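As the structure is a prediction and not an experimental result, all values here were calculated from the model. Reminder, nothing fancy here: chain letters follow the sequence lines and each chain counts from 1.
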Amino acid sequence: MDFSESPEAREYFRERFGIPEEVLRRYRFLRRGKYVWAFSGTVLIPGRVEHAGIKALSLAGATPKPTTAFLRVIGRHTTKNVVRIDREDAPAFLRGEEVSGRWDATRGYVIVVAGNDVLGCGFYTGHSLRSMVPREYRMEDTWI
Amino acid sequence: MGDLPDFGHFRKYEEIIPDFDSFLEVLGRPQPYWIRVNTLRIEVPELADRLKSKGFCLERFGSLPVFRIVGMPVRHPGATVEHSLGYYYVQDLSSMMPPIALAPQPGEAVLDIAAAPGSKTTQMAEMMANTGTIVANDVSRERIAALVGNLERLGITNVAVTLRDGRTASFGAEFDRVLVDAPCTGEGVVRKNPHGFRAPTERDHRSFAGLQRAILRNAYRHLRRGGLLVYSTCTLNPLENEGVIHFAVENLGAEVLPFSLPIPHSPGVEEWNGREFHPHVKRCARIYPHMVDTGGMFIGLLRKP
């Protein structure tokens, strides 16, 4: 088994997003190379495992970057660095476009919420919100 | 029947398929879409309201978190924000039955030996409330990529994905339940692509049966004593279905258990082309396209004594 535990990832979600301990406790944060997976399973079998849970954090850049997929899992438990946008702005954000505005968040990666939906990862510059939703999740013109 | 392909291939099943003319007639009609609500993420009524307000016409199936799409304002039922947020999965009704028969419980260890693209894997994870573990295996990197895409989209965190040969690989653990949703000749899903249907030959049926037996043998090896295993295919030929269950009883020592399903089905057939199967194969289920306007499926439930 080639994963190693990543206390840094747990710390990251606790510090940046204020995710409560009882939520973080559900996951093992497993690092391999530049990624950390969040795994709520109880058994890690021997031999090569391609993915354990879902990718939660990328450590490829200068700062850790949370994944949209994992933010959609824990998003409703966030207490810090949440950006709430209007429902009408959700399609633009999901298309990968920028949304202007000021929110109570520090510059960096944020969790973007619209109504009851956790839309995913954004980057807040201090005066605008950039969408970090990956290309494969982006809203297409044929969608409603 | 206009420009539809000749379904003469299916004549050989006339004796075992009830209301055969109705079956043939339904084969020529396109299949409706069914969707399964991801209850890890959204409540059934809330999702229904959201889709209805966008112009979908839905019919709930009994008390399952499942809707039949009667009408939709888009070309494909996945063309919605709700789908991309992982609130539902487009999955054929009959394909939802193997996990229901297996009934994995929260906290258990489950092996899904031919898991991609993950309709049943994600369904089981929902039934297990994202707890316990599912080891989801498949044999090709492309199929694994599709599986991972679905796991991420639905927010499934209790699955460990492996890329191993289901016929021979060791998974290093014993499991409470195992799903063998085996590769097959796909006669039950011809409605999805009637023009692309290439009628399987006797050799194809025998060849797949050999593959299915090998996967089942290896899967059964990983089942703990007292554990349950579901063997399922989406084809109609008894060589790939009852024949494989017979193998499990005679060669592996498995018990065939009766089980109930929330949709109409026929029992397994005890005889085919002069070959007799173990009488307990009648405890298996055959779901036919004309019974609930869905695809065909075969399901057998085994227990390791």
I need the [X] [atom1] to [Y] [atom2] distance, nearest 0.5 Å.
X        : Y        : atom1 : atom2 : result
A/Glu140 : B/Ser84  : CD    : OG    : 9.5 Å
B/Ile144 : A/Glu50  : CD1   : CD    : 6.5 Å
A/Asn116 : B/Glu46  : CG    : CD    : 5.0 Å
B/Thr157 : A/Ile74  : OG1   : CD1   : 11.0 Å
B/His83  : A/Trp143 : NE2   : CH2   : 8.5 Å
B/Leu51  : A/Ile144 : CG    : CD1   : 8.0 Å

Is it the case that over 12 heavy atoms from other parts of the model lie below 6.0 angstrom from the [atom1] atom of [X]?
X       : atom1 : result
B/Arg60 : CZ    : yes
B/Glu43 : CD    : no
A/Arg14 : CZ    : yes

Tightest non-hydrogen contact, residues A/Ile45 and B/Val135, listed as CD1-CG1, 3.8 Å
Within a strict 4.5 Å, meaning less than it, do heavy atoms of the [X] and [Y] side chains meet?
X       : Y        : value
A/Arg72 : B/Arg153 : no
A/Ser40 : B/Thr131 : no
A/Val43 : B/Phe171 : no
B/Arg41 : A/Val73  : yes

**Prompt:** Is it true that a side-chain atom of B/Thr133 and a backbone atom of A/Thr42 form a donor plus acceptor pair closer than 3.5 Å?
**Reply:** yes
Take A/Tyr27 and B/Asn158 through the side chain to side chain contact (heavy atoms under 4.5 Å, CB included) test and state the conclusion after the steps. CA-CA 9 Å; A/Tyr27 306 98; B/Asn158 71 339; over 6 Å; no
Checking B/Val161, B/Leu147, B/Thr162 against A/His51 for side-chain contact (heavy atoms from CB on, under 4.5 Å), the one that qualifies is B/Val161
Chain B shares the most heavy-atom pairs under 4.5 Å, among A/Tyr137, A/Phe39, A/Phe70, with A/Phe39
What verdict does the side chain to side chain contact (heavy atoms under 4.5 Å, CB included) test give for A/Met139 and B/Val81, after you've listed the backbone C-alpha separation in whole Å, the side-chain angles of each residue and the deciding distance to 0.1 Å?
CA-CA 7 Å; A/Met139 183 161 177; B/Val81 165; 3.6 Å; yes
Whatever's closer than 4.5 Å to a heavy atom in chain B on A/Arg26 counts as neither
Honestly, the part of A/Leu94 sitting under 4.5 Å from a heavy atom of chain B is side chain
TODO: Run the salt-bridge test on A/Asp117 and B/Arg50 with the 4.0 Å N-O cut-off and return the result as yes or no.
DONE: yes
